[in-house]
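Comments concern the structure below.
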There are 4 protein chains.
Amino acid sequence: MIQTRRIGAENSEMWARLVDAAEQVIREDGYAAASTRRVAQAAGIKPSLVHYYFPTTDDLLLAVFKRGAAQSDAMIEHALASEDPVRALWRFFSDTSRTALTMEFMALALHREGLREEIARHSEAMRARQTELFERLLGDRLGEIGAPAGLSVILAAIGRALVMENGLGIGAGHQEARALVETWLGRLLPRSESSEKS
Amino acid sequence: MIQTRRIGAENSEMWARLVDAAEQVIREDGYAAASTRRVAQAAGIKPSLVHYYFPTTDDLLLAVFKRGAAQSDAMIEHALASEDPVRALWRFFSDTSRTALTMEFMALALHREGLREEIARHSEAMRARQTELFERLLGDRLGEIGAPAGLSVILAAIGRALVMENGLGIGAGHQEARALVETWLGRLLPRSESSEKS
Amino acid sequence: MIQTRRIGAENSEMWARLVDAAEQVIREDGYAAASTRRVAQAAGIKPSLVHYYFPTTDDLLLAVFKRGAAQSDAMIEHALASEDPVRALWRFFSDTSRTALTMEFMALALHREGLREEIARHSEAMRARQTELFERLLGDRLGEIGAPAGLSVILAAIGRALVMENGLGIGAGHQEARALVETWLGRLLPRSESSEKS
Amino acid sequence: MIQTRRIGAENSEMWARLVDAAEQVIREDGYAAASTRRVAQAAGIKPSLVHYYFPTTDDLLLAVFKRGAAQSDAMIEHALASEDPVRALWRFFSDTSRTALTMEFMALALHREGLREEIARHSEAMRARQTELFERLLGDRLGEIGAPAGLSVILAAIGRALVMENGLGIGAGHQEARALVETWLGRLLPRSESSEKS
DNA sequence: AATGAATGAGATTTCATTCAT
DNA sequence: CATGAATGAAATCTCATTCAT
């Protein structure tokens, strides 16, 4: 679905520089701040060059999202391969930097049809992968949790809430919530396995 | 302190009409769409009249938030007074319409200093009220949950995640997550017991 | 030439309050800042009340000017009646507060026909009065100065320049200029007369 | 430091056209009239193009000032190199067209912090240059004048006053003031001597 | 591969002023 | 006396995007 008008190559140095700049702007001031001018300024180039690589602003935002999504995918696979995959996933979910960016894109996607599909598709894929992981790792031990997909939803939900509220300066109950998650994970994944790590 | 900035009276019919219009626009297309023109159009008035009532756009957004917050407060108090307060709260948290608006304001507050404080303050107050409620209702039965504040965080988190993902067309794991919450609530507060609360 | 539409009486308390407020705004931020809203805010009243007393903004500015002009007239007469009238006049010319306001009105009058006539008329009248004074006081001693009207122009010019440059943070040569004026005045009005004062 | 704000090149034809248009508007109706629309209209272009070359209105005003200041500098150097430098300077000070523009900028700078520094800096530099000139030319003959910096202040003051009052239609005492200045200059620098300056 | 120029739309806000009550 | 409501114009500035070179 790449538009024919785009000339800037996806593997060029400038392309990466622009995606970097856009991501930085989004992190600092939100997606609404990612205007042609602002991004160009952050990248140290002229505004029209942005449109040379990304015909529309949505194209640029999508590129930032896709790169972040690929990184998330890699992080999940890395967590999957670690010694304590479930706790690694929880760290992934509650990672401030990455989750803050994810939240920006979710907020953006809510009102930008062009991006919604891509973002939704990726979220579903990530969830499916995680669900598969939980199933394989926890299997019969899921017990009361019932379904691994639910666990994925809940961990993601709590991680996002902590990050967003943190950004707003809200902290009440956060430590308790974290402790609660730890308790659950401890019951799912007996302490013995994880205490060997540190 | 005779008068600061707002000129249009807070109790006038037009004031309410504008807040209605702004809320409608935010619901439809997000906070970024709540521009002077758009809101004026939705309210059927001239753009400059918007600024007669709300000197700055933030003033208008804040008014929408405050009214919504007051409604939320009322809903929480209503839930508190119901027969099954904890489940009523959960319904409150997972109410799509209200939570979607809340999410808009949280996303907005992340990058608008002027609104952040007010929104954070209200969130903290709501959390405190809920924590107090959980403490009183569940008391010794909190058991593994440990702290009531954590429970408030988690229920809010899950409710918001379900609503947001719903808005994006993501549905995987939702039913399982809901079922899991129901299970927890059932163990904390068996439906049979709920009517016994002395 | 009072417009029939004006209803607020010129001797009412509110009238004076508005003129006070407008003068204060002009002193602080210049004539361009003396908008209906700003003045109303400074006076602690509603904007429409400003127009009740002063149908147009020019009417208000003119009122401020006229009151200031009357005060200037009184100051000049007071100087005239003092022991050392010429030096009193020089103090009048180099008085920062009053001159700064005068400069604002001159700058305003340059581009507002409605005010120009009034301001020019008053300036001419003041000059005539001063000229008369110089003639009477210095008479034959004017010598090289030649004409008393020229002395009035020059003292006013230097006073205004010092005040304006002061406002801009320019100070070079000011002390020397002041000393020079003192020297002239000293030659015109022998030291003996003025040294008796202090 | 790749690029800060200005986009339109300073040496382009349009840039000069805009500065011309702005200067013309300021001359005609004062700095307050130099709005985006008005200047665009005077230049025969679309309003948004003004902001392409001058991100803020202050940038445009500053450009007009700087160009005028450069011209003033050139005029002063030209006067300095003339046969009768002091009288040439006096002509410079009492030049209506240039001084009227200078006065506009001084009035503007009084209430615009962003421009004040630049304008003050230039005024101080001009004064220093003139002081140096007077010192060199008049040296021991300064006598009663005392300091050359004071002379610069006074000539500038009188020139500006004459120009401003002229703009307001005030003429009383002007001829006498001019004659007085001529007398002074004549005593400082007899016309016959001026050609002898070794 | 890149850029300078341009544009029309629109955002936010302020303005003076009018008018009915 | 006074005010609340309203309005149309205008000011400043930013936006995404196009296009010719």
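When reading the values below, keep in mind they use all heavy atoms of this one structure, side chains included, and skip hydrogens, waters and symmetry mates.
- No donor-acceptor pair under 3.5 Å is formed between the side chain of A/Arg38 and the backbone N or O of A/Val25.
- Distance from the side chain of B/Thr36 is smallest to E/dT12 among F/dA9, E/dT12, E/dA16.
- OP1 or OP2 of F/dC13 sits under 4.0 Å from a side-chain N or O of D/Thr57.
- Between the CZ atom of D/Arg38 and the C1' atom of F/dT12 there is a distance of 17 Å, rounded to whole Å.
- Distance A/Tyr52 OH to E/dA5 C1': 18 Å, rounded to the nearest Å.
- Nearest-nucleotide positions on DNA chain E place B/Ala32 closer to the 5' end than the other of C/Asp58 and B/Ala32.
- Between the P atom of E/dA11 and the CG atom of B/Asp29 lies a distance of 12 Å, rounded to the nearest Å.
- Between the side chains of A/His111 and B/Glu104, at least one donor N or O sits under 3.5 Å from an acceptor N or O.
- Distance from the side chain of D/Ser35 is smallest for F/dA11 among the nucleotides F/dA11, F/dT18, E/dT12.
- OP1 or OP2 of E/dA6 lies within a sub-4.0 Å distance of a side-chain N or O belonging to D/Tyr53.
- Base-pair partner of F/dG8: E/dC15 (Watson-Crick or G-U wobble, both distances under 3.5 Å).
- Here the nucleotide nearest the side chain of A/Leu49, chosen from F/dT17, E/dT12, E/dT3, is E/dT3.
- Taking only side-chain atoms of B/Lys46, from C-beta outward, the nucleotide of F/dT7, E/dT17, E/dT3 with the closest atom is F/dT7.
- Here E/dT18 is the nucleotide among E/dT18, F/dT17, E/dA2 with the atom lying nearest to any side-chain atom of C/Ser48.
- Between the CG atom of A/Leu18 and the P atom of E/dT3 there is a distance of 11 Å, rounded to whole Å.
- Within a 6.0 Å radius of CD in D/Glu28, more than 12 heavy atoms belonging to other residues, nucleotides or ligands are found.
- Separating the CZ atom of A/Arg37 from the C1' atom of F/dT14 is a distance of 5 Å, rounded to the nearest angstrom.
- With DNA chain E read from its 5' end, the first of the two nearest nucleotides for D/Ile45 and B/Ala34 is the one closest to D/Ile45.
- Side-chain polar atoms of A/Arg17 and A/Ser12 form no donor-acceptor pair below 3.5 angstrom.
- In this structure, CG of D/Asp59 is placed 18 Å from P of F/dA11, rounded to the nearest angstrom.
- Taking atom CZ of residue C/Arg112 and atom P of nucleotide E/dA16, one finds them 9 Å apart after rounding to whole Å.
- Comparing D/Ala33 and C/Met14 along DNA chain F, the residue whose closest nucleotide (by nearest heavy atom) sits nearer the 5' end is C/Met14.
- Pair assignment for E/dA20 gives F/dT3, based on Watson-Crick or G-U wobble hydrogen-bonding distances that are each under 3.5 Å.
- Between A/Arg121 and A/Glu117, none of the side-chain N atoms (NZ, or NE/NH1/NH2) sits under 4.0 Å from a carboxylate O, so this pair counts as no salt bridge.
- Rounded to an integer number of Å, the gap from NE2 of B/His51 to C1' of E/dG10 is 12 Å.
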